[in-house]
Amino acid sequence: MTQSSGNGRSGVLALAGGVGGAKLAVGLARILNPNALTIVVNTGDDETFYGLHISPDIDTVTYSLAGLANPDTGWGFAGDTFNALETLKTLGADAWFGLGDHDLALHLRRTDMLRSGMTLSEVTLDLARRMGVRHPVIPMSDEPVRTIIKSTDGEMSFQEYFVHRRSEPEVIGLTFEGADSANASPVFQRALENVEAIVFCPSNPFLSVDPILALPDVREMIVASDVPRVIVSPIIGGRAVKGPAARIFETFAHKPPSALAVAEHYEGMATHFVMDNEDAASRGAVEALGYQVLVTETLMIEDTHKIALSTAVCKMAGVSI
Ligand code: GDP
Ligand code: CA
């Protein structure tokens with residue numbers, strides 16, 4: 001049974017990228033029923049490799065929820081082998097994007113289903129269910145949106161920047177190609193209208209959450225919604241737990257990375273802000289931006305941390321669990 005908040009709205013909408021998003025999504029999925037949680041995932045990182053449709057953030061979230069994710073890398077299938085990739089290299093492919101054999105099977109199936117006319121939402125839900133995931137994992141859009149990085153080394157696709165160039169070029173601009181004409185996916189649109197709380201997972205604000213917010217009407221609907229909207233900071237003690245978020249604050253947003261900088265980035269979009277104990281000193285400054293603030297442990301290593309943080313987030317938003 002899902003409890004309703006009294007205004008007819010129920011359930012939580014979680015906005016997620018890959019690794020950081022997946023961690024909180026796992027915690028939320030452990031405490032909320034499948035009909036009380038919708039996880040909407042960034043597809044700005046999607047790419048075509050070897051003719052196949054790759055959705056890295058969707059796969060990270062799905063594998064994590066299914067308990068199949070590689071805990072060492074944060075991406076890919078636990079225990080995967082790379083025989084097909086080795087063969088691709090032998091056959092002359094410029095195989096810098098690491099895809100395991102299990103991964104490739106998933107991408108083959110996804111591409112085939114898309115070619116048969118199914119939407120990315122339909123395909124994602126079907127594949128996630130077959131992997132044992134009970135909570136809905138939804139792409140932000142069924143239409144292509146591609147994050148293009150403008151860097152000191154020129155323009156490049158997200159995967160070129162992130163994987164091939166190991167996030168080394170300095171990000172000085174970002175475009176979400178196709179975002180203007182893409183629509184938020186139907187389940188995402190319904191969730192925006194019906195949920196009782198929105199959670200911004202601790203994902204990269206620029207590369208994982210901003211593409212979602214760039215879709216037509218999404219930012220406006222979130223700003224206008226009167227439900228609790230909770231941000232969980234991906235920056236802890238001035239550093240990103242993983243990935244280029246901290247550096248992008250410096251090179252693109254031109255400010256030192258901090259929980260406060262995250263709060264400023266999302267100013268006006270959310271009502272609640274969760275920061276790490278390490279950042280307690282900036283509590284007042286974040287409150288001054290209009291947020292209700294929770295200071296707690298936000299580093300998620302074990303499932304117990306994911307569950308504890310998710311529980312705190314739901315409690316803060318008044319969501320019964
Ligand atoms: P990506 O698409 O794989 O890059 O993943 P996301 O954008 O979802 O997540 C990357 C962000 O997650 C980084 O900025 C990290 O700082 C943040 N992150 C990763 N693990 C944790 C964690 O345990 N706690 C918090 N608060 N942030 C985390
Ligand atoms: Ca990503």
Side-chain angles (χ1 to χ4, degrees), residues 1-17 21-22 24-43 61 65 119 121-122 124-125 128-129 133-142 182-203 205 208-233 263 266-274 289-294 296 306-321:
M1 269 292 286
T2 310
Q3 301 223 338
S4 168
S5 62
N7 55 5
R9 287 171 163 266
S10 70
V12 171
L13 166 63
L15 306 178
L24 196 70
V26 164
L28 289 167
R30 293 283 285 274
I31 61 170
L32 295 168
N33 286 329
N35 61 357
L37 175 64
T38 303
I39 304 155
V40 165
V41 184
N42 169 44
T43 54
V61 170
L65 289 169
T119 65
S121 292
E122 291 164 347
T124 302
L125 274 176
R129 290 213 175 106
V133 175
R134 294 161 58 236
H135 296 77
V137 178
I138 305 291
M140 66 186 198
S141 176
D142 288 332
N183 295 301
S185 55
V187 176
F188 182 18
Q189 289 185 33
R190 278 204 296 282
L192 282 168
E193 284 160 12
N194 295 320
V195 292
E196 63 180 302
I198 301 173
V199 176
F200 292 66
C201 291
S203 289
S208 293
V209 181
D210 281 358
I212 304 177
L213 302 178
L215 292 165
D217 300 334
V218 168
R219 187 182 290 270
E220 294 74 11
M221 282 179 79
I222 294 175
V223 169
S225 84
D226 54 4
V227 298
R229 285 149 281 152
V230 187
I231 289 158
V232 180
S233 176
Y266 290 119
E267 196 177 347
M269 304 266 324
T271 51
H272 296 68
F273 192 89
V274 181
L289 295 174
Y291 295 98
Q292 281 186 52
V293 175
L294 174 70
T296 187
K306 299 170 191 166
I307 293 166
L309 185 55
S310 299
T311 305
V313 164
C314 287
K315 200 171 158 201
M316 194 182 199
V319 174
S320 44
I321 52 175

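Counting begins at 1 with the first residue of the sequence.
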* Asked: Going through the checks in order, is the side chain to side chain contact (heavy atoms under 4.5 Å, CB included) test met by V209 and F200?
  -> CA-CA 8 Å; V209 181; F200 292 66; 3.9 Å; yes
* Could you give me the CA-CA distance, side-chain angles and deciding distance for V223 and E220, then say whether side chain to side chain contact (heavy atoms under 4.5 Å, CB included) is met? => CA-CA 5 Å; V223 169; E220 294 74 11; 5.8 Å; no
* To do: Start with the C-alpha distance between S10 and V195, add both sets of side-chain angles, then the distance that settles side chain to side chain contact (heavy atoms under 4.5 Å, CB included), and finish with yes or no.
  => CA-CA 5 Å; S10 70; V195 292; over 6 Å; no
* Determine, stepwise, if the pair V41 / I138 fulfils side chain to side chain contact (heavy atoms under 4.5 Å, CB included). => CA-CA 6 Å; V41 184; I138 305 291; over 6 Å; no
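Of all heavy-atom pairs spanning A263 and Y291, the tightest one is O-OH, 2.6 Å. Taking both residues in full, the closest heavy atoms of A182 and S141 are given as CB-OG, 3.6 Å, listed atom of the first, atom of the second, then distance. Nearest heavy atoms, G17 versus N42: CA-CB, 4.3 Å. Considering every non-hydrogen atom in both A14 and L37, the closest pair reads CB-CD1, 4.2 Å. In this structure, G268 and R229 approach most closely via the heavy-atom pair O-NH1, 4.3 Å. Minimum heavy-atom separation, A29 to L65: CB-CD2, 3.6 Å.
At least one side-chain heavy atom of L215 sits under 4.5 Å from a side-chain heavy atom of F188. Residues V227 and I198 are in side-chain contact: their nearest non-hydrogen atoms beyond the backbone lie under 4.5 Å apart. Residues N183 and Q189 form a side-chain contact, since some pair of their non-hydrogen atoms from C-beta on lies under 4.5 Å apart. T38 places a side-chain heavy atom less than 4.5 Å from the side chain of P136. Under the 4.5 Å side-chain criterion, counting only non-hydrogen atoms from C-beta, V133 is not in contact with V61. When side chains are defined from C-beta on, L125 does not count as touching V137, because their heavy atoms never get closer than 4.5 Å. Residues E193 and M221 meet the side-chain proximity criterion, which asks for heavy atoms closer than 4.5 Å. Side chains of V232 and L309 form a contact here, defined as non-hydrogen atoms less than 4.5 Å apart.
Atom-to-atom distance recorded for S310:OG and K315:NZ is 14.0 Å, nearest 0.5 angstrom. Distance CD/E196 to OG/S320: 6.0 Å, rounded to 0.5 Å. Rounded to the nearest 0.5 angstrom, I307 CD1 and R30 CZ are separated by 4.0 Å. The CD1 atom of I31 sits 4.0 Å away from atom CD1 of I321, with the distance rounded to the nearest 0.5 Å. Here CD1 of I39 is found 10.0 Å from CG of L13. Values are rounded to the nearest 0.5 Å. Rounded to the nearest 0.5 Å, atoms OG (S121) and CG (D142) are 3.5 Å apart.
A donor-acceptor pair is defined here as one N or O able to donate and one able to accept, closer than 3.5 Å; no such pair exists between the side chain of Q292 and the backbone of H272. The closest donor-acceptor contact from the side chain of Y266 to the backbone of I231 lies at 3.5 Å or more, if one exists at all. Side chain of S208 to main chain of S203: no donor-acceptor pair is present (N/O by atom type, distance under 3.5 Å, no hydrogens or angles). Side chain of H135 to main chain of L32: a donor-acceptor pair is present (N/O by atom type, distance under 3.5 Å, no hydrogens or angles).
By the side chain to side chain contact (heavy atoms under 4.5 Å, CB included) test, L294 pairs with V274, T296, A312, M316, sequence neighbours left out. Applying the side chain to side chain contact (heavy atoms under 4.5 Å, CB included) test to R190 and every residue at least two apart in sequence or in another chain returns P186, V187, N194.
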